[in-house]
Each structure stands twice: as C-alpha cells, then as structure tokens.
Amino acid sequence: MNRHLLSIDDLSRDEATHVLDTAAELAHLLDDTDRAVRKLPTLRGRTVVNLFFEDSTRTRISFEAAAKRLSADVINFSAKGSSVSKGESLKDTALTLEAMGADAVVVRHPASGAPHRLAYSGWTRSSVVNAGDGTHEHPTQALLDAFTMRRHLGPPDRPGALDGRRVAIVGDILHSRVARSNVLLLDKLGAAVTLVAPPTLLPVGVGSWPCQTSYDLDAVLPACDVVMMLRVQRERMNAAYFPSAREYSRRYGLDAPRLGMLAEHALVMHPGPMNRGLEISAVAADSPRSTIVEQVANGVSVRMAVLYLLLGGAQ
Ligand code: NCD
C-alpha cells in the first residue's frame, strides 16, 4: 500500500478490499478481546497526530478511538486554540509535528490539496491520511460507507462483494468530498452509482465521472440498494443554489413517502452531520433501515485498518 492515503486513487481494487477485510477482522478481534482490555498492542510506541483545521465530530473521534485501540499515542491538534489562529503556516505546524516524531498525521483542512502538500513537500516523514480536504476527497469516509454496505448487502456466496449493487448519492454533490471519494471507490468495487441533485449542485465536468446523474429522485429510488443523503453544506455556499429550503426538501429530501418507495432490503445512509428536516426527515433518519448510528462503530474499525496497514502491517 502507498505510504499515504490522500485519495481513493491511492488504492487499487485489491488494496481497497484488503482494507475492508482487515477492518472486519479487527472488529472481530476486538469483540473477542476482554472488555477490560479492548486494545491491541499493534501500534505501541507509535504516534498518531490528528491535525484538524476544520470542525469535525465523527471523523476526529473515530480516528482517536482507532489509534488508541491499537495502543498508539495520540495527539489531538485543532486549529482553533492553536498558533494557527496567530498566523502560523501549515509548513511551520508540520515542522513542529515532525520534531515531535509523528508516525502518522491525520489531516482535515478546508483547502482542497492541503494533505497532498503536507505529504509531498518534504516537511515531514510521517504517513499522511486525508480526513477531508475542502471539496476534494474524504477517502476513509468512503471506505467506511463501503464497509457498512458490505455488511448488509454482500451476497451469501461471496460475502462482501458490491458488484452490481446500485447506490444513489443525493443532494449537495458540488461541495461534497464524500461523494467524490464514494464515486471512485464504489466504481472500483463494481457498484453502479447515480448522483441525484438539482443541476446547480452538480459539479462542472461530472459527465466524466464513472457514474450516472439524475435530477429526479423519485425515479431513482425504487431501483436502488442504498440511498446516501448528503448534507446541504451551507458554509461552503456563496450563492443561492435552490429557491428555498422547503422546495429543496420537497424535491430532494428523504421523507416518509419516499422511504416507502425503496426496496425492502435498501439501506439509508448519511455521513453526518445531518440537517434534520432538510435533506432527511426524522422518520427516515431514525428508521430501522438507517445505518447512521451503526456507522460510528464501523468508522472506528475502518480507521483502525487504515492506520494498521499504513504503519504496522504494510511491510
Ligand atoms: C462529512 C465531511 O466532513 O466531509 N462528514 C463526515 O466526515 N462525517 C460530510 C459533511 O460535512 O457534510
């Protein structure tokens, strides 16, 4: 495996499958471990730094839990309350981390490409994991989504295969690093993705992505195995992308009637955080087919696998 995980394109299909299989094994191992211990010694003596220049709940805590369950030392750095608010650059922050001997740096940054800069500028020898950069990519979220899909949808004869599965990703595709990473990964794993959004929330050039697009959610829902709702990212919007919140949820929100249009086995996903009542109603978010709560534990397993393969088990 590559030394860094910056994009889904850093992984071949086999490597991605290996991450998902390893995550499943690690989850099993921990389940079997004495509750009082609940730790594997794999990364003892290694240091993982969580470098967060943008807000996060799930991603940050799951990387922290993952590193701790592998017995690594964890340093949490968030830009708020650090010298970044005094004007310190990414380079100087990186040099400080290097001096502390970080083995892996998990970075989230509002600028697309920041993790790449960190990985390839020569400022640090650490492995760099992209935990979300601007509107570019969020590879571990896509791995986590695929992990959850495999748990529920893998055929009994080939557990975990997603070939031929149909996934609809709905909403603010334009600003979504989750959508980009998911399209790349699901395509590698053989699933068929349809992006569903109003024309204003589809990126220029989406025609060259390995997926279909549609403006009509009701037409897409009945045939899908998974519907993934995306948050409307108001903080990245500098214009009016749709007339009103009410109109958006009427056309693109997942509500009770639309839930009823799904096949019986179909899953509802959302990477969180949710705008309840906008892209997803409470009925859909809390329904038995929703994977939103389950995803938290799965996120820890997948991030354990990523850290383990980058730092411990890759050689
Ligand atoms: C996403 C993110 O930060 O890209 N959330 C996450 O990591 N679980 C999606 C979002 O912010 O809407």
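What you see is a predicted model; the values in this text were computed from it and never measured. First listed ligand is number 1; within each ligand, the first listed atom is number 1. For the numbers below, each heavy atom of this structure counts, side chains included, while hydrogens, waters and symmetry mates do not.
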Could you pull out every N or O of ligand 1 that sits under 3.5 Å from a protein N or O, with the distance for each pair?
residue, atom, partner, partner atom, Å
ligand 1, 3 (O), Arg108, NH1, 3.3
ligand 1, 3 (O), Arg108, NH2, 3.2
ligand 1, 3 (O), Arg177, NH2, 2.8
ligand 1, 4 (O), Arg177, NE, 2.6
ligand 1, 4 (O), Arg177, NH2, 3.3
ligand 1, 5 (N), Gly272, O, 2.8
ligand 1, 7 (O), Thr59, OG1, 3.0
ligand 1, 7 (O), Arg108, NH2, 3.1
ligand 1, 7 (O), His138, NE2, 2.8
ligand 1, 8 (N), Gln141, OE1, 3.4
ligand 1, 8 (N), Pro271, O, 2.9
ligand 1, 8 (N), Gly272, O, 3.2
ligand 1, 11 (O), Arg231, NE, 3.4
ligand 1, 11 (O), Arg231, NH2, 3.0
ligand 1, 12 (O), Arg231, NE, 2.7
ligand 1, 12 (O), Arg231, NH2, 3.4

What side-chain donor-acceptor pairs closer than 3.5 Å can you find for residues 166-174, not counting sequence neighbours?
residue, atom, partner, partner atom, Å
Asp172, OD1, His175, N, 3.2
Asp172, OD1, His175, ND1, 2.9
Asp172, OD2, His175, ND1, 3.1
Asp172, OD2, Gln233, N, 2.9

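Phe52 is linked by a ring-ring contact (aromatic ring centres under 6.0 Å, His included) to nothing, counting only residues two or more places apart in sequence or in another chain. Partners of Glu98 according to the side-chain contact (heavy atoms from CB on, under 4.5 Å) rule, which considers only residues two or more places apart in sequence or in another chain, are Thr124, Arg125, Ser126.
Using modelled atom types, one side-chain atom of Tyr252 and one backbone atom of Tyr215 make a donor-acceptor pair closer than 3.5 Å.
Between the side chains of Asp145 and Gln295, at least one donor N or O sits under 3.5 Å from an acceptor N or O. Residues Thr59 and Arg108 bring a donor and an acceptor atom of their side chains to less than 3.5 Å of each other.
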